[in-house]
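Convention: sequence-line order gives letters A, B, ...; per-chain numbering from 1.
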Amino acid sequence: MSEVKVYERPKSWMPNVSSHYCPGCGHGIAHRLVCEAIDELGIQNDTIGVAPVGCAAMIYDYMDTDYCEAPHGRAPAVATGLKTVRPDKIVYTYQGDGDLASIGMGEIIHAANRGQNITVIFINNAIYGMTGGQMAPTTLIGQRASTCPLGRDVKLNGYPIRVSELLAALPAPGYVTRVTVAQPKYIIKAKQAVKQAFQNQLDGKGFSLVEILSSCPTNWGMRPVEAFDWLVNTMMPYYPLGTFKDFD
Amino acid sequence: MGRVLMKGTEAIAEAAIQAGCKYFFGYPITPQNEIPEYMSAHLPEVGGVYVQAESEVASINMVLGGGATGYRVMTSSSSPGISLMSEGISYVAGCEIPAVIVNVMRAGPGLGGILPGQADYLQSTKGGGNGDYNLFVLARSTLQECVDLTQLAFDLAQKYRNPVMVAADGFMGQMMEAVEIKPSPSKDQPADPSWALGFMGERGGKRSHLHSLFLSPEPLEEHNRKLQKKYQAMKDAEQRCECYMMDDAEVLIAAYGTTARISRSAVNNLRAEGLKVGMIRPITLWPYPYEAFKKLPSTVKHILVSEMNAGQMVDDVKVATGCKYPVSFYGRMGGFAPSVGEIENECRRILGL
């Protein structure tokens with residue numbers, strides 16, 4: 001009887017390496033989607049990733065492609081430098097919400113506004129994960145975090161930033177979409193979006209950003225299943241899924 | 001191209017292009033704006049790209065990414081802009097990425113003014129960013145030297161995989177002088193695929209990742225030891241210094257950049273009067289030319305440091321000479337430079353005249 005392999009690790013995932021992510025964290029799924037896109041497009045040897053500061057800072061321990069570190073928030077600028085010198089390579093950043101939407105808001109807006117032909121994978125889990133659950137620019141109104149123990153107060157902290165809608169208001173960025181890894185049916189769509197964002201770059205189309213709503217059970221103080229439910233029931237109403245721009 | 005009359009900033013820019021720099025990431029700040037302007041006009045002629053960054057924070061990180069490919073990249077700024085770049089410079093050094101950074105220094109602190117200064121000596125040579133790192137700091141006193149050291153900067157950056165700062169002050173940036181700019185012999189030096197990003201295929205599928213993050217103490221200390229070994233090699237091989245009229249000097253002026261240029265005139269005038277005055281001029285502010293200071297002639301009785309700041313190099317001179325000589329300081333701040341006459345008077349005062 002011949003064996004049929006139905007599941008294996010992506011080729012662009014480092015062999016024999018397990019990730020450090022907490023149980024129920026969405027980073028592992030998002031990493032896998034990036035790896036699958038790289039494998040399916042056959043671009044492993046031509047891809048250069050730019051790592052963020054945050055839980056995914058060690059992404060280069062898992063991804064078997066060239067990788068460059070960036071200071072907190074500066075990944076789009078680092079990617080701009082890489083892509084400027086090597087337009088023949090596929091350059092992408094992988095950033096969390098503290099990295100991209102707080103300290104790095106300047107860099108992402110301007111990279112998007114230049115229509116830089118790069119791919120941005122943006123993980124929005126409404127909290128600072130690596131530093132231990134502080135309020136992020138994406139933390140929901142009323143959501144508790146270690147630096148807003150009574151819940152986010154709009155009078156003090158303003159409103160959670162909808163990055164995709166903000167960037168989609170600019171003329172230059174071509175592809176801006178929001179997906180989630182909360183449930184399998186959404187993961188299938190998320191995979192299509194991630195692959196599309198890399199394909200756009202291969203086609204020389206310009207700036208693509210995929211915002212992935214993700215979970216952080218540890219810092220949300222929930223079990224993994226509760227966390228995915230909260231993501232669907234509480235995060236998704238504020239951060240609606242959908243494609244805001246598609247090179248139209 | 002023979003000798004042409006050029007402004008300092010433009011000479012630096014053209015020298016960089018002739019050194020094979022095709023990628024420049026800039027942000028406006030006075031008094032260095034002619035460098036990004038020149039690059040934006042002339043890089044496209046050589047198939048290069050000028051990118052105007054949204055801030056100095058972004059421009060140094062574009063340099064980080066561009067330099068990570070192993071090709072020759074550059075940025076320029078002036079004092080407050082260099083402060084903003086300091087985080088990035090620390091990362092560039094920590095990731096061992098070659099890059100050239102020009103600092104056309106102005107007077108500080110804070111916004112200070114747009115007039116020339118040398119008040120970034122300590123920031124450039126002792127750190128600026130976090131962590132145990134060093135970068136080459138090259139100081140010049142003529143525009144021809146601006147050209148030559150800019151080209152040297154690219155060679156040093158690639159040889160040591162390290163950032164190099166070319167420190168000019170506003171006078172050097174804004175004055176005009178005849179220069180000859182030849183293509184650098186290393187102009188077409190390719191990227192080193194053994195480490196540079198974008199060569200995974202050439203490495204047979206072996207990836208490269210450039211980072212300064214090591215969460216465990218053992219590899220982080222190992223990384224630091226490796227860097228320190230490299231810095232020691234830089235100290236051993238790359239100290240540069242000019243000794244002028246030093247052989248029988250009783251008073252030795254220690255100065256760099258514009259103040260060295262002024263001091264040279266003072267030395268010439270005092271020598272014409274028969275006074276035994278010389279000059280030692282560090283060209284590499286880091287690595288500091290300790291070896292040259294070890295070989296001072298026995299005639300030296302006093303060292304006068306002159307800078308356009310409050311005396312930031314004085315401690316280095318004391319350390320370099322083992323505190324064997326009295327060291328005094330004469331400088332100006334706020335955009336002023338010491339005049340030839342002021343330095344002459346200071347030397348006469350030291351000589352008891």
Side-chain angles (χ1 to χ4, degrees), chain A residues 11-12 14 20 38 42-54 56-91 93 103-114 116 118 130, chain B residues 21-25 43 48-73 75 85-92 94-95 97 99 129-130 191 193 195-215:
Chain A
K11 197 166 144 281
S12 52
M14 284 300 285
H20 69 287
I38 289 170
I43 54 174
Q44 185 179 357
N45 282 351
D46 293 313
T47 296
I48 306 172
V50 183
V53 170
M58 283 87 69
I59 187 169
Y60 45 72
D61 284 344
Y62 313 131
M63 301 290 199
D64 192 9
T65 66
D66 275 3
Y67 238 98
C68 192
E69 172 186 279
H72 200 17
R74 317 299 175 215
V78 173
T80 297
L82 283 161
K83 191 71 180 180
T84 298
V85 182
R86 296 302 301 267
D88 55 327
K89 297 293 163 184
I90 301 302
V91 178
T93 72
I103 195 167
M105 189 55 110
E107 283 73 18
I108 192 62
I109 292 232
H110 286 278
N113 193 51
R114 285 190 296 269
Q116 211 74 53
I118 59 171
M130 194 187 220
Chain B
C21 171
K22 285 191 177 173
Y23 308 96
F24 186 94
F25 306 93
L43 275 179
V49 184
Y50 165 81
V51 179
Q52 175 130 347
E54 58 270 28
S55 65
E56 290 92 344
V57 173
S59 60
I60 190 65
N61 282 290
M62 291 177 185
V63 161
L64 190 159
T69 67
Y71 291 94
R72 295 189 162 189
V73 302
T75 188
M85 288 185 185
S86 294
E87 177 203 41
I89 293 171
S90 170
Y91 278 73
V92 171
C95 294
I97 290 170
N130 58 300
W195 65 268
L197 302 185
F199 294 97
M200 190 163 161
E202 287 80 349
R203 284 189 295 268
K206 188 171 178 293
R207 68 172 184 153
S208 170
H209 60 294
L210 305 179
H211 60 106
S212 63
L213 174 69
F214 298 86
L215 282 180

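Contacts of A:Ala57 with chain B are made by both backbone and side-chain atoms, with heavy-atom separations under 4.5 Å. Residue contact with chain B, scored on non-hydrogen atoms closer than 4.5 Å, is absent for A:Asp46. At a 4.5 Å heavy-atom cutoff, B:Ser59 makes no contact with chain A through either its backbone or its side chain. For chain A, the nearby part of B:Val51 is the side chain; its heavy atoms alone come within less than 4.5 Å.
Heavy-atom minimum distance, A:Asp66 versus B:Gly198: OD2-N, 2.7 Å. Residue A:Arg74 comes nearest to B:Glu87 through the heavy atom pair NE-OE1, 3.7 Å, listed as atom of the first residue, atom of the second, then distance. Between A:Asn45 and B:Met200 the shortest heavy-atom distance is O-CB, 3.4 Å. Nearest approach of A:Leu82 to B:Ala68, heavy atoms of both residues: CD2-CB, 4.1 Å.
A heavy-atom distance below 4.5 Å is found between the side chains of A:Met58 and B:Leu215. Put simply, the side chain of B:Val57 does not reach to within 4.5 Å of the side chain of A:Pro71, judged on heavy atoms.
For the pair A:Arg86 and B:Tyr71, the cation does not sit on the ring face, since its NZ or CZ is not both under 6.0 Å from the ring centre and inside 45° of the axis.
Not counting sequence neighbours, the partners of B:His211 by the side-chain contact (heavy atoms from CB on, under 4.5 Å) test are A:Tyr60, A:Glu69, B:His209, B:Phe214.
Annotation: the span from B:Phe199 atom CZ to A:Ile48 atom CD1 amounts to 9.0 Å, rounded to 0.5 Å. One distance of note links OG1 of A:Thr80 with CZ of B:Phe25; it measures 8.0 Å at 0.5 Å rounding.
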